[in-house]
There are 2 protein chains.
Amino acid sequence: MQNLLDYEIILLPLCRYLHANASFMKTEMITLKKVSLKDIAAKAGVSTALVSFVLNGKGQEHRIGEETARHILQIAKEMNYRPNLAARGLRSGTTGTLGVVVSDISNPFFAQIARDIEDAADKLGRTVFFGSSDESAEKMKTLISGLINRGVDGLIVVPCEHSEDTIQELCKNKIPLVLLDRNFNDINVSYVVLDNFNAAYKATRHLIDSGYKKVGIIAYDVKLNHMQDRIRGYKEAVAEAGMAANVLVIKQKNFDKAFDKAMRKAMDDGVDALFLPTVTITISCLHYINDHNIEIPKQLGLVGFDGGDAFDLFSVPVSYVSQPVRHLSVKAVEILIDMIVNKNASVQGVRIVGSLIVRQSSLP
Amino acid sequence: MQNLLDYEIILLPLCRYLHANASFMKTEMITLKKVSLKDIAAKAGVSTALVSFVLNGKGQEHRIGEETARHILQIAKEMNYRPNLAARGLRSGTTGTLGVVVSDISNPFFAQIARDIEDAADKLGRTVFFGSSDESAEKMKTLISGLINRGVDGLIVVPCEHSEDTIQELCKNKIPLVLLDRNFNDINVSYVVLDNFNAAYKATRHLIDSGYKKVGIIAYDVKLNHMQDRIRGYKEAVAEAGMAANVLVIKQKNFDKAFDKAMRKAMDDGVDALFLPTVTITISCLHYINDHNIEIPKQLGLVGFDGGDAFDLFSVPVSYVSQPVRHLSVKAVEILIDMIVNKNASVQGVRIVGSLIVRQSSLP
DNA sequence: ATATTTTACTTAAACGATATAGCAAAAAAA
DNA sequence: TTTTTTTGCTATATCGTTTAAGTAAAATAT
């Protein structure tokens with residue numbers, strides 16, 4: 001391992017606390033792995049089966065003596081027993097974990113989703129494995145494969161472009177799966193997405209209603225349907241108003257340059273309002289606006305996506321489409337767990353309506 | 001489960017693709033759990049031990065015939081074998097997973113840390129379990145306990161206030177552990193933190209050098225040493241300049257109200273520059289500034305923390321202390337894995353120097 | 001008094017991998 | 001030829017659970 005870093009290592013003195021209060025402990029202990037069912041069984045003078053039953057609350061069901069049950073429970077508590085979940089998973093075939101693959105967990109939008117999924121899963125007694133695919137189908141497949149090897153009970157996936165095969169395969173193998181944020185029309189799989197068409201329509205329509213005469217959109221050049229739906233929604237609105245569409249697409253790689261070019265073109269073409277269908281694009285646009293002293297909302301009207309501190313704190317507060325992130329996440333978890341628990345739950349597609357937050361950036 | 005959500009459920013038609021191309025498959029398959037060592041052994045006509053050896057690259061070591069090894073390898077590939085990592089973990093006592101507990105993964109700072117840890121761990125062949133503690137010692141303990149039950153090989157923890165006991169206990173139980181972002185001076189445990197004292201000193205000193213006469217700080221009312229060190233650094237700088245310290249502390253709960261009060265007091269007291277030692281505090285401050293039409297940098301000088309789009313896009317670009325997040329994360333992973341691999345690696349404390357990004361907000 | 005049922009537990013086989021100890025056959029050494 | 005060594009593999013215990021199947025003793029029924 002290289003050390004490219006600018007730091008200083010400080011070796012601490014041998015610990016004066018290490019065995020300080022070894023003999024007493026306040027609350028429940030956290031132990032590495034020691035105590036097993038066998039240990040409890042030994043101490044209680046019963047079989048491991050009994051212990052397992054009692055500890056899983058199947059005492060009644062298996063007609064275990066009340067006295068014995070109490071005894072076992074007490075010993076388990078005393079010894080601070082913690083089940084080895086790997087072993088349980090191995091035996092029972094279900095681990096209580098969910099796998100979540102997003103594009104990039106450092107992206108605030110997905111970070112929020114991750115958090116909401118974490119909470120929702122926790123409420124339903126599951127824990128979550130996260131992974132970032134970086135919009136690479138290959139990486140996504142590797143991640144999913146790893147998650148499955150780790151025995152997750154199901155997956156929530158934000159699919160990237162060209163990942164249809166992987167998704168198909170998961171379906172074919174009956175792995176509980178919910179797509180999030182984006183879905184594939186041709187694959188029969190559960191999904192939870194924003195009503196992107198509607199959101200984009202509303203956003204564009206709002207710009208038009210505000211009096212802008214030439215509304216454009218700067219979108220990613222991807223076939224993923226969330227982006228296509230946003231473009232469709234935009235087109236629908238401009239068409240309805242009898243305007244020409246101004247769709248500027250940019251590739252994700254070499255983003256900065258591509259964005260700059262698109263933006264310049266928009267300005268040259270006399271576009272007087274822009275719908276920006278992702279946070280990243282919106283943020284880039286705000287930078288461009290600052291750098292080129294474009295006047296918002298007079299010279300250029302703006303509706304962005306997803307929101308964030310930067311939107312609120314920009315010199316002119318930015319209007320945006322707000323996704324109900326929490327609802328999307330909760331719904332995805334609910335559907336997934338339903339599929340896991342209820343083996344033959346039906347495939348569900350959920351489309352949640354977003355809201356338009358209107359600020360000054362779109363009110364000339 | 002309640003459905004408080006605004007959505008419509010769309011039931012998809014039964015899948016026309018479900019068995020579409022069941023007979024051929026392009027790339028490697030993702031299978032739920034089917035193929036085991038035993039299956040391969042059976043097909044190859046050898047024992048499971050052989051298969052295990054070969055697949056783990058211990059062929060030479062165990063003098064396995066080249067021919068046989070090749071054969072096994074090929075069958076494994078054909079059957080698309082994927083090891084059950086739970087089983088391996090159970091048997092070998094090591095799972096190749098790391099547990100990471102941060103305050104809140106939806107916080108951009110920690111989201112970035114999560115991402116960097118994920119990448120670093122991946123490079124070193126491990127995967128990561130994340131959890132958010134919400135700055136609650138109780139929740140942190142529960143999370144850690146769960147992670148240990150899941151068999152993580154080690155932990156990276158952003159400890160919260162009052163979590164000393166839990167950390168002590170982990171040490172006592174020899175669980176590989178690295179604290180991140182914050183550490184406890186009295187506990188002999190590895191840590192990777194920013195040189196907070198230095199960073200705060202630099203930031204404050206910069207404000208003083210810029211000519212501000214009454215520099216204040218708005219900090220959280222927590223005993224955690226990252227915050228205390230930031231306050232100390234601030235105090236050192238003002239003291240050195242012969243100025244009085246203006247430390248305004250706020251509780252984390254009821255944050256908005258508390259912040260407002262602190263901010264008002266600062267302005268009333270004639271503070272002409274502020275050092276804001278976290279992102280959250282900085283963002284709140286920017287909101288306050290907008291709401292109260294405070295002139296930056298003339299009326300009030302500003303140095304924030306951690307950066308972000310909002311800092312760049314604010315009407316006056318905001319100066320800030322930049323943490324080398326990537327380096328912090330990578331270092332934490334390196335140290336942790338070193339502790340895991342090299343059982344008696346020594347405890348290391350690493351303090352990385354941050355840099356001051358100067359913008360207009362601190363140049364009157 | 002014997003048969004049946006109920007109660008309260010135990011045995012032991014999995015789950016899928018790893019790893020130690022051991023065994024036969026072939027090759028080399030004596 | 002016999003002994004030793006090497007080569008190439010197998011058998012099996014084990015990790016910590018769960019769970020089906022079984023059993024022995026006590027209680028109830030006949």
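Not measured: the values here are computed from a predicted model. In what follows, chains are A, B, ... by sequence order, proteins preceding strands, each numbered from 1.
Atom CG of A:Leu90 is separated from atom P of C:dA17 by 9 Å (rounded to the nearest Å). Taking atom CD on A:Gln60 and atom P on C:dT6, their separation rounds to 17 Å, with Å as the unit. As a whole-Å value, the separation of A:Asp39 CG from D:dC15 C1' is 12 Å. To the nearest angstrom, C1' of D:dG16 lies 15 Å from CZ of B:Arg150.
Legend: residues meeting salt bridge (Lys or Arg N to Asp or Glu O under 4.0 Å) with B:Glu67, ordered by chain and number and at least two apart, are B:Arg70. Listed by chain and residue number, A:Arg326 satisfy the side-chain contact (heavy atoms from CB on, under 4.5 Å) test with A:Lys123 (two or more places apart in sequence, or in another chain). In this structure B:Glu135 satisfies the side chain to side chain donor-acceptor pair (under 3.5 Å) test together with B:Ser103, B:Arg182, sequence neighbours excluded. A:Ser92 pairs by the side-chain contact (heavy atoms from CB on, under 4.5 Å) definition with A:Arg88, A:Thr94, not counting sequence neighbours. Looking at residues two or more places apart in sequence or on another chain, you find a salt bridge (Lys or Arg N to Asp or Glu O under 4.0 Å) between A:Asp104 and B:Arg115.
Pairs engaging residues 77-96 of chain A under the ring-ring contact (aromatic ring centres under 6.0 Å, His included) rule: none recorded [sequence neighbours left out]. Sorted by first and then second residue, the pairs that involve residues 127-156 of chain A and meet ring-ring contact (aromatic ring centres under 6.0 Å, His included), not counting sequence neighbours, are A:Phe129-B:Phe129.
In terms of position on DNA chain D, the residue among A:Ala86 and B:Gly45 whose nearest nucleotide sits closer to the 5' end is B:Gly45.
Axis angle between the ends of the helix from C:dA1-D:dT30 to C:dA30-D:dT1, five pairs each and rounded to 10 degrees, works out to 70°.
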query = How does protein reach along nucleotides 17-23 of chain D, written 5' to 3' as B (base within reach of a heavy atom under 4.0 Å), S (only sugar-phosphate), or - (no contact)?
reply = BBB----

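Distances shown here put a side-chain N or O of B:Thr68 below 4.0 Å from the OP1 or OP2 atom of D:dC9.
A salt bridge links B:Glu334 with B:Lys331: the closest approach of a Lys/Arg side-chain nitrogen to an acidic carboxylate oxygen falls below 4.0 angstrom.
Residue-level contact check: A:Gly59 touches neither bases nor backbone, having no heavy atom under 4.0 Å from any strand.
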